[in-house]
Visitor: 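Starting off with a structure, shown below.
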Amino acid sequence: MLLAAAFALLAIIVMSGWLADSTQQYSRSVGRMTALRVAAGTLLSQLQDAEIGQRGYLLTEDRQYLRPYEAAIAAVDTTIDRLRDLADGDADELRIVDHLVGLAAAKREELAETIDLMKAGRPDESLAIVRTGRGMRLMDDARRSLADLITPADAQLDTQLRALTGQARISGWVANLGGLFILLVVGGAVWIAFSYTRDLMQAQRAIQALNDSLEQRVSERTMELQRANAEIQRFAYIVSHDLRAPLVNVMGFTSEFEAGLASVAADLVRRPANSDDATAAEARRAVTEDMPEAIGFIRASTTRMDRLINAILALSRQGSRMLTPEPVSMQALLENAVASFRHRAGELRCTIDIAGPLPSLVSDRLALEQVFGNLLDNAIKYLDPARTGRITIRGYPEADRLIFEVADNGRGIAAQDHERIFELFRRSGVQDRPGEGIGLAYVRTLVRRLYGEVTVDSVPGQGSVFRISLPDILPLPSEKSAHDA
């Protein structure tokens with residue numbers, strides 16, 4: 001329908017343009033014909049005025065009658081030039097105008113001759129010229145010529161007027177039909193819009209119903225996730241606690257085993273060595289070499305397991321800890337954090353700078369201390385020994401978030417490990433530093449609880465930039481429960 005309306009409007013525009021152009025052409029033609037007719041009548045009137053002035057002067061010899069004669073004679077040339085301009089392009093009209101020019105010249109000559117004779121005191125000769133009838137024949141001939149010019153002009157003018165009337169009628173029909181069609185299109189468009197609006201409102205009501213049910217389902221699923229999360233945290237705590245009990249026993253018995261082994265070793269030392277007794281030599285080697293090595297492996301393994309269990313317990317406790325938003329000066333917090341690492345960094349020839357001032361925010365102070373403490377510890381741990389270490393802390397607002405960066409010039413991290421390092425018990429690069437792959441996983445857990453994100457940009461051999469994005473105001477726990485789930 002809109003396409004049909006567009007075509008209809010285009011047709012109306014084209015038709016209106018054609019009618020306007022035709023009307024303009026007809027108007028020019030009518031104007032020319034009218035001007036031609038007026039100029040012809042003016043020429044005839046001027047010749048008559050000149051003749052009337054001549055007759056009055058010849059009869060009365062009063063020079064006052066020469067005024068209309070002189071005025072008419074002076075205007076004849078201008079009128080003839082006007083006729084010639086209006087007839088330009090039409091051979092018949094030009095031929096008539098040329099004939100009129102000759103008649104006007106002859107008539108002016110005849111009038112001028114009679115007036116000159118009267119002025120010279122020869123009235124009889126002047127009247128004799130008048131009695132010849134030559135002037136009357138010139139005027140009659142001029143009237144016929146002007147009639148030959150005016151009659152076709154009147155006919156053409158009548159034709160043009162009829163054409164203009166017809167075009168006006170056509171224009172009216174086009175306008176009426178176009179207006180009717182536009183009304184139909186507008187009515188159809190209104191009907192379509194009404195139908196579309198009605199369908200849209202129905203769809204919106206259906207979407208609203210779906211949204212209501214979806215919100216209910218999301219709320220139910222969120223509660224399920226929260227319960228599942230709580231169960232997972234309790235399970236991690238229980239498992240870690242239950243693992244710690246036998247581990248403590250293993251560690252305790254290992255200590256007792258070491259004490260007993262020391263007694264056995266002391267007894268063997270007091271006994272004389274018998275090179276022929278292979279069993280005694282084997283026992284001595286086991287007591288002095290094999291068993292201490294085995295006990296060392298057991299102790300290292302139990303220590304490592306103890307650290308892992310402690311990390312799992314820390315993550316479990318952190319997930320269940322209630323966050324407490326409060327105003328935090330990040331400048332002061334990070335200055336305190338840097339101060340705690342200053343001695344260790346100095347031993348490793350590393351400088352830690354804060355590119356302040358840092359923006360403040362409302363968040364959980366303890367979580368922030370743990371986040372940046374882990375990042376600084378990680379940056380110091382993986383410094384490149386080939387160059388002087390440099391760690392820089394920056395902070396700035398970005399849109400509706402606050403961005404904090406911890407940049408170092410350490411070893412760097414390979415691109416494929418940028419996400420892997422945030423996984424629990426996963427590490428990157430050469431494993432020549434102590435650690436269990438827990439710190440960055442702990443950082444991401446804390447940052448997400450603070451309604452933020454942590455990412456890393458790093459190039460091996462150049463350094464790393466850990467970037468943390470946080471809200472300037474931490475939402476209340478009720479506002480972020482779904483996010484935590």
Side-chain angles (χ1 to χ4, degrees), residues 300-301 303-308 310-312 314-315 318 330-331 333-356 358 367-396 398 402-450 452-470:
S301 298
T303 302
R304 184 172 183 273
M305 183 174 290
D306 185 58
R307 288 199 302 268
L308 293 176
N310 287 335
I312 294 173
L315 287 173
Q318 183 60 38
M330 292 301 295
Q331 186 76 26
L333 185 145
L334 286 169
E335 286 176 355
N336 292 334
V338 169
S340 65
F341 286 97
R342 189 81 68 185
H343 178 72
R344 179 182 167 195
E347 291 179 344
L348 297 174
R349 297 184 303 114
C350 175
T351 61
I352 306 177
D353 298 320
I354 299 177
L358 300 178
L368 291 173
E369 291 175 347
Q370 292 172 334
V371 165
F372 287 97
N374 274 278
L375 289 179
L376 288 172
D377 179 72
N378 219 50
I380 294 173
K381 182 188 297 183
Y382 292 103
L383 288 171
D384 190 342
R387 57 176 175 267
T388 301
R390 186 178 67 255
I391 300 172
T392 304
I393 302 173
R394 297 184 290 266
Y396 54 89
E398 185 177 274
L402 296 179
I403 308 299
F404 297 93
E405 296 178 347
V406 178
D408 63 68
N409 64 340
R411 295 181 180 181
I413 304 167
Q416 64 269 20
D417 292 331
H418 285 184
E419 188 63 27
R420 182 174 179 269
I421 58 174
F422 293 105
E423 298 175 5
L424 192 61
F425 307 132
R426 305 296 291 273
R427 303 175 70 190
S428 172
V430 180
Q431 306 300 311
D432 59 349
R433 294 288 188 274
E436 309 300 333
I438 296 173
L440 290 178
Y442 189 53
V443 167
R444 172 164 280 185
T445 299
L446 289 173
V447 170
R448 285 182 173 173
R449 288 210 68 201
L450 296 177
E453 288 295 334
V454 56
T455 58
V456 63
D457 290 331
S458 183
V459 178
Q462 297 184 16
S464 305
V465 178
F466 285 86
R467 185 173 292 104
I468 297 175
S469 170
L470 294 171

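Along the sequence shown, residues carry numbers from 1. These numbers were taken from a predicted model, which means no experiment stands behind them.
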Visitor: Roughly how far, to the nearest 0.5 Å, is the CG atom of Leu383 from the CG atom of Asn409?
Guide: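 If we round to the nearest 0.5 Å, Asn409:CG and Leu383:CG are 7.0 Å apart.
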Visitor: From Gln370 CD over to Asp377 CG, what is the distance, rounded to the nearest 0.5 angstrom?
Guide: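 Rounded to the nearest 0.5 Å, the CD-CG separation comes out at 13.0 Å.
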Visitor: Can you name the residues that form a side chain to side chain donor-acceptor pair (under 3.5 Å) with Glu347, not counting sequence neighbours?
Guide: His343
Visitor: I need the minimum non-hydrogen distance between Glu398 and Ile403, along with the two atoms involved.
Guide: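 Heavy-atom minimum between the residues: CB-CG1, 3.8 Å.
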Visitor: For Ile352, does its backbone N or O pair with a side-chain atom of Arg342 as donor and acceptor, under 3.5 Å?
Guide: yes
Visitor: side-chain contact (heavy atoms from CB on, under 4.5 Å) for Ile421 and Phe466? Distances and angles first, verdict last.
Guide: CA-CA 12 Å; Ile421 58 174; Phe466 285 86; 4.0 Å; yes
Visitor: Is Ile413 close to Tyr382 at the side-chain level, that is, under 4.5 Å between some pair of heavy atoms?
Guide: no
Visitor: Quick check: closest heavy atoms across Leu334 and Leu358, and the distance to 0.1 Å?
Guide: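 Here Leu334 and Leu358 meet closest at CD1-CD1, 3.2 Å.
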Visitor: Does Asp384 have any salt bridge (charged side-chain N to carboxylate O under 4.0 Å, His left out) partners at least two apart in sequence or in another chain, and if so, which?
Guide: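 Once residues adjacent in sequence are excluded, the partners of Asp384 under the salt bridge (charged side-chain N to carboxylate O under 4.0 Å, His left out) criterion are Arg387.
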Visitor: If only atom types and distance count, is the side chain of Asp408 paired as donor or acceptor with the main-chain N or O of Gly463 below 3.5 Å?
Guide: no
Visitor: Supply the atom-to-atom distance His418 NE2 to Thr455 OG1, rounded to the nearest 0.5 angstrom.
Guide: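 These two atoms lie 10.0 Å from each other.
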Visitor: Please give me the minimum heavy-atom distance between Ala407 and Val465, naming the atom from each residue.
Guide: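 Looking at all heavy atoms of both residues, the closest pair is CB-CG2, 3.8 Å.
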Visitor: Do side-chain atoms of Glu405 reach the backbone of Arg467 as a donor and acceptor pair under 3.5 angstrom?
Guide: no
Visitor: Surrounding CZ of Arg394 (heavy atoms of other residues, nucleotides or ligands, distance under 6.0 Å), is the total greater than 12?
Guide: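 It does: Arg394 CZ has more than 12 such atoms within range.
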Visitor: Report yes if some heavy atom in the side chain of Arg344 is under 4.5 Å from a heavy atom in the side chain of Lys381; otherwise report no.
Guide: yes
Visitor: Hey, does Leu368 have a side-chain heavy atom less than 4.5 Å from the side chain of Met330?
Guide: yes
Visitor: Any side-chain heavy-atom pair from Ile393 and Leu376 closer than 4.5 angstrom?
Guide: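 In short, these two side chains touch, coming nearer than 4.5 Å.
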Visitor: Considering all heavy atoms of both residues, which atom of Ser464 and which atom of Gly412 are nearest to each other, and what is their separation?
Guide: OG-CA, 3.6 Å
Visitor: I need the single residue from Ile354, Asp353, Leu375, Ile380 that forms a side chain to side chain contact (heavy atoms under 4.5 Å, CB included) with Ile391. Which is it?
Guide: Ile380
Visitor: Between CZ of Phe372 and CG of Leu446, what distance do you get to the nearest 0.5 Å?
Guide: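 Those atoms lie 11.0 Å apart.
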